Structure formats: C-alpha cells, structure tokens
Amino acid sequence: MTSAPSTLAPPSVIDFTVPAEVQAVLDRVRAYIEEDVLPAESEIVDHTDILASWDVVERLRDKARERGIFTPHLPEEWGGLGLGVLAMSLVSQECGVSGLASLGLNAMAPDEGNMHTLLIAGNDAQKEQFLRPLAEGRIRSCFAMTEPDVASSDPTNLETTAVRDGDEWVLNGRKWCITGAIGAAFSIVVAKTGTDEAAGHRNYSLILVPCDTPGWEVEKDPEWMGAHLVGGHPYISMTDVRVPAENLLGQEGEGFVIAQKRLAGGRLAHAMRWIGVSQRALDLTTQRLLQRKAFGKELARHQGLQFMVADSAMDLYASRLMVLHAAWKVEHGLPYRQEIAMTKTFVSEALGRIVDRAVQIHGAAGIAMELPIAQWYTDARAARIYDGASEVHRMTIARECLKLAMQGQSTKQATGDLF
C-alpha cells in the first residue's frame with residue numbers, strides 16, 4: 001500500500017501491505033481516538049449542536065497537531081501528511097468510531113472534499129484566499145449543490161444560475177441540505193452558467209462565494225434524519241449575489257468534471273467512516289451478547305443471534321475489501337467509476353444491515369437515544385441518499401454492464417475483476 005499516488009504501471013498483484021510510515025500514522029490516530037476523542041464525547045453538551053461545544057473541538061485539534069496527524073489528507077506543503085487515497089481510507093475507518101475524530105483531524109465533510117477540490121482546480125490566488133485558512137482550521141466551508149425544487153439526483157435539473165455581468169458573476173437560486181453552511185466562511189456553489197440545453201452538464205460551473213456576500217442568506221435549518229454535523233444542513237437563498245469573475249473555480253462548464261474528481265475520494269472516505277461505525281456497532285453487539293442471559297443461557301449461545309453476528313462480520317469483510325480495491329484503482333490512475341458506485345452503494349446498505357441487527361439485539365436499549373445505536377440507525381438510512389442515491393449508482397453500474405453486453409463482451413470487467 002502506497003501513501004501517495006503512484007506514477008508507475010499498476011502491479012499485476014494487489015498488495016495491501018501497510019508501509020511502516022503509514023502504520024505509524026495509523027498507530028498515532030488510534031491512540032488519539034482512544035486517549036483524546038472518546039473521552040471527550042461526554043463533554044459535548046448537545047450532539048445536535050457541536051458548535052455549542054466548539055472549545056472541545058479546538059482542544060482536540062491541538063492534540064492532533066501535537067501528535068502530528070492534523071489534516072493528514074493534504075500535501076506536506078499545505079501542512080498535511082501527504083497520505084494517498086488508500087492510506088486515507090484506513091485513517092477514515094479509524095475515525096468512523098466517533099464524529100469528533102474527523103473534526104479533530106480537520107478531515108471532516110464537507111471541508112475535506114472542498115480542500116481537495118481547491119487543490120485540483122484552484123489557482124494560486126484562490127488557494128491562498130480559501131484553501132490556506134481552511135487547511136489551518138481557521139474557517140469552515142460548505143458545498144452548495146442540492147436544490148429543494150428539483151430532483152437533484154439528476155444534476156442537469158439544477159436551476160441556480162450564475163450570469164456574467166462585466167467583471168462579476170451574479171448568482172440567483174435556492175439550495176438546501178447544505179452541510180456546514182451555518183457559520184461557514186465560503187461555499188463552492190454549483191451554478192448554471194450556460195444556456196445551451198443540448199450541452200447538458202457542461203452548462204454548469206463551480207463558483208467560490210464568501211458567505212458574507214450580500215444576498216447570501218441562511219433561510220432555516222430544518223430537522224433532518226441522520227447525523228447533526230457542524231453548521232447544520234440549512235436552506236440557502238441567493239439573491240443577486242455578486243462575486244468577482246476570478247471566483248470561477250476551474251474553467252466555465254467544468255463544474256461536474258471537477259465535482260466527479262472530488263466525489264471519488266469523498267465517497268470512499270464516507271464508506272470507510274461507515275465501516276468504522278459498523279465495527280463499533282458490532283463490538284457493542286458482541287459485548288451485549290456476552291453480558292446478557294435469556295431462557296437459561298447467555299444470549300451469545302443462541303444460534304439465531306450468532307447468525308446475525310456472522311452476517312455483520314461478512315458485511316464488514318466485503319465492505320473493507322471493496323473500499324481498498326476501489327482506493328487502489330484510484331491511487332494507480334485506473335478507471336474507478338464503476339467500483340466507486342458499487343462501493344458507495346454496498347457499504348451504505350451494509351451499514352444499515354449491521355446497525356439494524358445491533359438495534360434488534362440490544363432490544364429496548366437499541367431504540368433508546370442514550371446509546372449511539374439509535375442515532376447510527378438514522379445515519380445509516382440517510383447514507384443511502386446523500387452523495388448519490390443508491391438507485392442512481394445502480395443505474396450507473398447496470399449501464400456499464402449492459403454497454404459491454406451490447407458490444408458482445410463479458411461483463412467481467414464491470415464487476416470488479418482483478419486480473
């Protein structure tokens with residue numbers, strides 16, 4: 001396993017051996033979570049409003065800096081560790097046990113994805129203005145894509161516009177479910193800049209919008225199923241929001257090309273964090289089975305419950321291998337769209353199955369909000385929708401299989417074939 005993207009031809013055999021330098025990082029991350037993050041969970045006053053306990057997050061960030069694991073996903077020149085996709089997948093898995101872990105490392109959504117987007121498409125001035133303070137943990141950001149009035153799973157439905165007026169872009173439209181928008185310093189906004197309907201996704205661009213720009217307004221933050229991340233998931237309205245023309249991120253019409261590059265790593269990071277949650281749920285489940293008795297024997301001796309543990313273990317095993325293989329393909333510059341779609345779909349649904357079993361085995365405790373399991377259950381249901389609904393990913397997967405069949409070829413290369 002490499003710690004940075006390889007420039008060599010991919011090997012004929014996939015080797016998931018963890019290099020010593022990456023293992024050292026993982027050891028520090030594990031110690032950080034065990035010694036700093038998990039004890040800090042009890043200090044959060046309201047898990048639906050982390051901002052109210054932001055001093056705890058700042059203390060965890062100081063601890064992460066001391067341990068040399070702050071912003072591990074960024075290149076060294078930006079204060080990070082230069083970890084590649086494979087190595088970051090393993091870090092994300094460790095962070096999955098607690099939402100505070102990614103916050104403390106400054107590697108949480110949506111900021112982690114926005115940092116990658118700025119690295120991919122930002123010019124020097126944009127990186128200094130927006131990436132630098134984000135990388136240092138001085139500000140937060142958001143990514144504004146989803147809209148309330150259209151089916152946003154088809155991105156060509158998006159209606160927010162950005163019209164060029166001299167040396168400015170003028171944005172108008174509404175967004176919702178914009179994670180982290182409350183208190184964010186800036187947003188990367190997906191806006192329609194073209195008018196040729198035949199151009200499809202090429203009509204859309206990414207524009208950097210400071211959130212204190214006149215006309216940018218947080219309307220409301222409704223209740224949502226799933227995790228309550230920092231900055232909420234509010235409605236945003238943009239009314240004649242004017243930003244300089246140089247706030248265009250990348251080239252005009254390249255919005256979705258850039259976004260797809262961003263989403264590959266983001267979906268893998270989500271998947272590995274879900275694996276971390278799933279592992280913690282299974283650990284709690286097995287402990288419960290050993291501690292409780294029913295009908296004259298320990299719950300662990302009831303075969304039906306053993307089957308549930310085995311099914312969760314198999315879900316975890318398959319999930320881990322899918323993420324590692326997809327990350328390996330990304331890191332070696334191989335086509336990865338199919339594998340990312342399969343991984344995001346499978347792991348999000350595996351999380352749901354594992355947590356559902358945990359709820360059932362815990363009984364009343366599984367539906368009590370005093371334990372994290374009930375919260376994980378709602379998180380798991382939301383995971384099948386955000387970052388691409390399962391049905392959209394299945395459509396992508398099936399199209400690739402059918403395309404090969406129409407060409408008279410086997411679907412083998414569309415099903416994760418390794419050799």
Side-chain angles (χ1 to χ4, degrees), residues 1-7 18-33 36-37 57-96 98-143 180 184-186 188 208 230 249 258 261-270 272-273 276 323 327-328 330-333:
M1 183 182 296
T2 57
S3 60
S6 173
T7 58
V18 180
E21 65 273 15
V22 175
Q23 186 61 57
V25 172
L26 289 175
D27 290 343
R28 296 202 301 273
V29 169
R30 287 167 183 157
Y32 168 70
I33 291 171
D36 300 325
V37 172
V57 176
E58 289 293 354
R59 189 179 75 243
L60 288 175
R61 290 186 167 187
D62 288 339
K63 294 286 188 180
R65 292 184 181 97
E66 291 172 8
R67 293 179 183 269
I69 54 175
F70 193 68
T71 57
H73 54 288
L74 286 179
E76 292 181 10
E77 59 266 32
W78 289 96
L81 301 180
L83 297 187
V85 178
L86 261 172
M88 272 307 299
S89 293
L90 298 179
V91 170
S92 295
Q93 175 184 249
E94 299 298 329
C95 290
S98 173
L100 288 177
S102 293
L103 274 172
L105 296 185
N106 197 25
M108 68 293 187
D111 289 341
E112 180 185 8
N114 285 348
M115 291 183 216
H116 282 304
T117 305
L118 285 161
L119 283 172
I120 292 168
N123 58 39
D124 290 343
Q126 290 169 341
K127 290 176 182 177
E128 283 300 323
Q129 181 179 355
F130 299 102
L131 177 57
R132 180 74 65 188
L134 195 61
E136 293 175 353
R138 292 188 282 116
I139 62 172
R140 292 188 296 101
S141 64
C142 61
F143 188 85
F186 73 91
I188 298 177
L208 292 158
V230 176
L249 187 56
I258 298 169
K261 294 178 182 178
R262 160 211 175 94
L263 286 171
R267 285 168 177 158
L268 286 178
H270 275 313
M272 265 309 203
R273 282 191 285 266
V323 172
W328 179 87
V330 173
E331 194 150 286
H332 285 88

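The analysis underlying the following values was restricted to heavy atoms, covering all of them including side chains, and did not include hydrogens, waters or symmetry mates. Remember, predicted model here, so these are calculated numbers, not experimental data.
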Let me see the working for D36 and R59 under salt bridge (charged side-chain N to carboxylate O under 4.0 Å, His left out), right down to the final yes or no.
CA-CA 9 Å; D36 300 325; R59 189 179 75 243; over 6 Å; no

Task: Contact check, side chains of K127 and N123, non-hydrogen atoms, under 4.5 Å - done: no

Sorted by chain and residue number, the ring pair (Phe, Tyr, Trp, His ring centres under 6.0 Å) partners of H270 (sequence neighbours excluded) come out as W274, Y386

Min side-chain heavy-atom separation D62-R65 under 4.5 Å: yes

Evaluate the criterion side chain to side chain contact (heavy atoms under 4.5 Å, CB included) for residue pair L134 and F186; output intermediate values, then yes/no.
-> CA-CA 10 Å; L134 195 61; F186 73 91; 3.9 Å; yes

All heavy atoms of R61 vs all of G137, minimum pair found to be NH1-O, 3.3 Å

Donor-acceptor contacts under 3.5 Å from residues 70-91 side chains, at least two apart:
unit_1: T71; atom_1: OG1; unit_2: G79; atom_2: O; d: 3.3
unit_1: S89; atom_1: OG; unit_2: V85; atom_2: O; d: 2.9

Here the side-chain hydrogen bond (donor to acceptor under 3.5 Å, both in side chains) pairs for residues 130-142, sequence neighbours left out, are D111-S141, N114-S141, E128-R132, E136-R138

Residues at least two apart in sequence or cross-chain that pass ring pair (Phe, Tyr, Trp, His ring centres under 6.0 Å) with F143, listed by chain then number, are none

Check your understanding: Can any side-chain N or O of R262 pair as donor or acceptor with the backbone N or O of G113 at less than 3.5 Å?
Key -> yes

Sorted by chain and residue number, the side chain to side chain donor-acceptor pair (under 3.5 Å) partners of E112 (sequence neighbours excluded) come out as none

Closest heavy-atom pair, S102 versus C95, reported as atoms and distance to 0.1 Å, is OG-CB, 3.4 Å

In short, A107 meets R273 closest at the heavy-atom pair O-NH1, 3.6 Å

For residues L131 and M115, determine if any side-chain heavy atom of one lies less than 4.5 Å from a side-chain heavy atom of the other.
yes

**Prompt:** Could you go step by step and tell me if L249 and L118 meet the side chain to side chain contact (heavy atoms under 4.5 Å, CB included) rule?
**Reply:** CA-CA 8 Å; L249 187 56; L118 285 161; 4.1 Å; yes

On a heavy-atom basis, the closest approach of P110 and C142 is CG-CA, 3.9 Å

When rounded to the nearest 0.5 Å, the distance separating CG of D124 from CD of Q129 is 13.0 Å

Requested in this report: List the steps and the verdict of side chain to side chain contact (heavy atoms under 4.5 Å, CB included) for L103 and L60.
Outcome: CA-CA 8 Å; L103 274 172; L60 288 175; over 6 Å; no

Applied to residues 22-33, the side-chain hydrogen bond (donor to acceptor under 3.5 Å, both in side chains) test, sequence neighbours excluded, yields Q23-D27, R30-E94

d(I69 CD1, K63 NZ) to nearest 0.5 Å is 11.5 Å

